[in-house]
A.B. asks: 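I am attaching a structure below and will ask some questions about it afterwards.
Index from 1, following the sequence. Quantities reported herein were computed from a predicted structural model and do not represent experimental measurements.
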Amino acid sequence: MGTMKRFSFCILFLMIALALWGNTIAEFSWTHYRVSYPAFFLGKDGNMLMEIGDYFFGGTTYELGNAKRAYDRALSINPKILWGHFQLARIYFVKGDFQKALEEINKEIEANPENLRSLYVRGLIYGYRGTYGDLQRAENDFRRFTLWAPSEWAGYNDLAWILSKEAKYQDAKDTARAGLSKAKGAERNPWLLNALGLAELNLGEYKAAKESFEKALPLAERLSLGDWQKSYPGNSPGSAESGLTAFQEAISSNLAQANSFLR
């Protein structure tokens, strides 16, 4: 009986200690040793858990399971924490689970409606999901995003992509040109030049398309793997080389197609 009492006392003491100092243990383990598991179970600081999630989601390493655990824990502490549902939506998106990604990004929009960067993520989800009505929804989100962030090239690029999928080629051309005139560093941006060339190709403007692709190709060939990873921060670093190569080959193929119409 004495042994059972001592055991019960030890368990009680441990529970009290964890209740009182659990978050301190979690913070110490993470801050000094980058050990994350105590935070998943004991952490009570949502911001710290968001930091842990970002660390695992391409910040320093790429471990989607640990990133998701951290974001889930942060949201269990504060269901409206900024970027919480946003980051979960991005994780589900790269996994190809568009339904869960859409659910999470809509929760972010509801919790933090001032964070219009969520519109860009939702536009991507709609664009890749591609069910009935999704292209128009994606177009609407990207248009709103470019109005909110007029100096960012990605919004124009993906809006032009969606417009081309909708066969709105003149609108796609106008969007790419708007990006080239408004976005920061656009004159050195192969994505926007390729988007412009594709719209011109579809409009039958073959000479103009050839010129756009000829500008885009050397810029794409000068991209480093670091440049590619910076442009696609949610993707696995292991896919960077194949992604960059595919992009360069696509522009080269587009240029060859434009040339074929000029012979």
Side-chain angles (χ1 to χ4, degrees), residues 30 36-37 39-146 148-149 152 154-155 157-159 161-163 165-166 228-240 242-243 246:
W30 174 249
S36 57
Y37 276 89
F40 297 156
F41 301 103
L42 304 174
K44 297 179 181 179
D45 183 342
N47 292 325
M48 178 188 70
L49 286 153
M50 290 298 298
E51 177 188 321
I52 294 172
D54 293 344
Y55 175 91
F56 286 114
F57 193 25
T60 300
T61 186
Y62 194 81
E63 298 177 26
L64 294 184
N66 281 336
K68 184 178 181 299
R69 288 185 190 94
Y71 296 136
D72 281 335
R73 177 66 177 170
L75 284 163
S76 73
I77 295 167
N78 178 4
K80 294 186 176 182
I81 194 166
L82 184 63
W83 305 112
H85 291 293
F86 180 97
Q87 293 292 67
L88 282 180
R90 292 178 65 220
I91 288 175
Y92 284 123
F93 175 74
V94 299
K95 287 183 172 182
D97 191 336
F98 301 132
Q99 184 56 40
K100 286 187 178 179
L102 186 60
E103 291 170 4
E104 291 296 336
I105 204 62
N106 282 334
K107 289 177 183 177
E108 180 72 25
I109 291 171
E110 181 179 356
N112 300 292
E114 73 285 355
N115 181 16
L116 295 189
R117 196 162 297 282
S118 297
L119 295 175
Y120 178 76
V121 171
R122 192 170 68 177
L124 288 176
I125 296 167
Y126 283 138
Y128 279 92
R129 188 176 71 164
T131 60
Y132 180 77
D134 277 350
L135 292 181
Q136 184 60 57
R137 296 183 187 102
E139 178 187 340
N140 293 341
D141 280 344
F142 285 136
R143 285 193 186 280
R144 288 179 63 194
F145 179 76
T146 57
W148 183 70
E152 297 188 23
N157 181 67
D158 287 302
L159 176 56
W161 163 59
I162 291 297
L163 290 167
K165 290 185 73 169
E166 294 178 294
W228 187 261
Q229 289 172 339
K230 185 177 180 181
S231 298
Y232 299 93
N235 292 356
S236 169
S239 68
S242 60

A.B. asks: With no hydrogens and no angle check, do the side chains of Y71 and D54 hold a donor and an acceptor under 3.5 Å apart?
C.D. replies: yes

A.B. asks: Below 30° counts as parallel, above 60° as perpendicular, anything between as tilted: where do the rings of W83 and F86 land?
C.D. replies: perpendicular

A.B. asks: Quick one: are E166 and Q136 in side-chain contact, heavy atoms under 4.5 Å?
C.D. replies: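 Result yes, sub-4.5 Å side-chain heavy-atom pair found.
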
A.B. asks: Look up atom OG in S242 and atom CG in N235, then write down how far apart they are to the nearest 0.5 Å.
C.D. replies: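 So the OG of S242 and the CG of N235 are separated by 9.5 Å.
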
A.B. asks: Just how far is it from atom CG of N157 to atom OG1 of T146, taken to the nearest 0.5 Å?
C.D. replies: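 One gets 12.0 Å once the value is rounded to the nearest 0.5 Å.
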
A.B. asks: Y126: which residues meet the ring pair (Phe, Tyr, Trp, His ring centres under 6.0 Å) condition with it, sequence neighbours left out?
C.D. replies: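 None.
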
A.B. asks: Could you work out, with salt bridge (Lys or Arg N to Asp or Glu O under 4.0 Å) as the rule, every residue matching D72, not counting sequence neighbours?
C.D. replies: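 Partners of D72 by the salt bridge (Lys or Arg N to Asp or Glu O under 4.0 Å) criterion, ordered by chain and then number, come out as K68.
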
A.B. asks: Where is the tightest heavy-atom contact between I91 and A67, given as atom of each residue plus distance?
C.D. replies: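 Minimum heavy-atom separation between I91 and A67: CD1-CB, 4.0 Å.
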
A.B. asks: Using the salt bridge (Lys or Arg N to Asp or Glu O under 4.0 Å) criterion, which residues pair with R117? Sequence neighbours excluded.
C.D. replies: E152

A.B. asks: Looking at F142 and L159, what are the two nearest heavy atoms and their distance?
C.D. replies: CB-CB, 3.8 Å

A.B. asks: If we ignore angles and hydrogens, is there a donor and acceptor under 3.5 Å between the side chains of E51 and N47?
C.D. replies: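 No donor-acceptor contact under 3.5 Å links the two side chains.
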
A.B. asks: With side chains defined as the heavy atoms from C-beta onward, is the minimum distance between L75 and L88 less than 4.5 Å?
C.D. replies: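 Contact flag for L75/L88 side chains = yes.
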
A.B. asks: Under the rule for salt bridge (Lys or Arg N to Asp or Glu O under 4.0 Å), what residues qualify as partners of R90, not counting sequence neighbours?
C.D. replies: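 Checked R90 against salt bridge (Lys or Arg N to Asp or Glu O under 4.0 Å); zero matches.
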
A.B. asks: Tell me the closest heavy-atom pair linking I109 and L119, and the distance in Å.
C.D. replies: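 For I109 versus L119, the nearest heavy atoms are CD1-CD2, 4.4 Å.
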
A.B. asks: Using ring pair (Phe, Tyr, Trp, His ring centres under 6.0 Å) as the criterion, list what pairs up with Y128, not counting sequence neighbours.
C.D. replies: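 Only F93, W161 meet the ring pair (Phe, Tyr, Trp, His ring centres under 6.0 Å) criterion with Y128.
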
A.B. asks: Quick one: do the N140 and R143 side chains pair a donor with an acceptor below 3.5 Å?
C.D. replies: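 No.
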
A.B. asks: How long is the straight-line distance from CZ of R73 back to CG of D45, given to the nearest 0.5 Å?
C.D. replies: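 Nearest 0.5 Å value for the CG-CZ distance: 11.0 Å.
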
A.B. asks: Please report the closest heavy-atom contact between R122 and L102, naming both atoms and the distance.
C.D. replies: CG-CD1, 3.8 Å

A.B. asks: Not counting sequence neighbours, which residues clear side chain to side chain donor-acceptor pair (under 3.5 Å) with Q99? List them please.
C.D. replies: E103, R129

A.B. asks: Any side-chain heavy atom of D141 within less than 4.5 Å of one from Y120?
C.D. replies: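 No. Closest side-chain heavy atoms not under 4.5 Å.
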
